[in-house]
Amino acid sequence: LCFADTFENFLAFKFNTTKRFGLDGGEAIVPALKTAIDRASELGVHSFIIGMPHRGRLNVLANVMRKPMPTIFSEFLGTHYSVE
């Protein structure tokens, strides 16, 4: 929960003029999803499909799915290009 809140504060400071959808009231979803995915993995689940609205998506990618933050920021800024 602390990582989620810190990440939201960083995004609000660093990208203050960019339209983004923060958690704003949905902070509890991050540790809940992380716990559910960790437990399901222990029980043998190999893949997950997560459908969610825009709100909190960057936070879920960073703190639950462990997507590298430099990749998130470059995609957010539009500077990430696929070589393929």
Side-chain angles (χ1 to χ4, degrees):
L1 189 58
C2 291
F3 289 118
D5 190 51
T6 302
F7 187 65
E8 285 297 314
N9 290 335
F10 172 78
L11 288 176
F13 176 76
K14 184 73 174 173
F15 302 103
N16 61 346
T17 60
T18 305
K19 182 174 176 117
R20 58 180 190 78
F21 299 95
L23 281 174
D24 298 333
E27 291 87 358
I29 193 68
V30 172
L33 271 175
K34 181 75 176 110
T35 301
I37 289 173
D38 287 347
R39 182 66 179 134
S41 295
E42 290 171 5
L43 296 172
V45 176
H46 296 286
S47 64
F48 302 90
I49 298 173
I50 299 174
M52 62 181 295
H54 294 293
R55 186 150 311 279
R57 184 176 54 193
L58 293 176
N59 214 314
V60 169
L61 285 171
N63 292 307
V64 176
M65 306 309 291
R66 300 288 189 228
K67 185 171 188 173
M69 288 192 191
T71 303
I72 292 173
F73 299 144
S74 66
E75 290 173 355
F76 195 66
L77 292 170
T79 58
H80 178 75
Y81 301 101
S82 177
V83 178
E84 299 177 289

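Since this is a predicted model, take the numbers as computed values, not measurements. Numbers here are sequence positions counted from 1.
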More than 12 heavy atoms from other groups under 6.0 Å of CD1 on Ile49: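 For Ile49, atom CD1 is not crowded (no more than 12 foreign heavy atoms under 6.0 Å).
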Side chain to side chain contact (heavy atoms under 4.5 Å, CB included) between Thr71 and Glu75, intermediate numbers included: CA-CA 6 Å; Thr71 303; Glu75 290 173 355; 3.6 Å; yes
[atom1]-[atom2] distance between [X] and [Y], expressed to the nearest 0.5 angstrom:
X	Y	atom1	atom2	answer
Asp38	Leu33	CG	CG	10.5 Å
Lys34	Met65	NZ	CE	9.0 Å
Ile29	Asn63	CD1	CG	13.0 Å

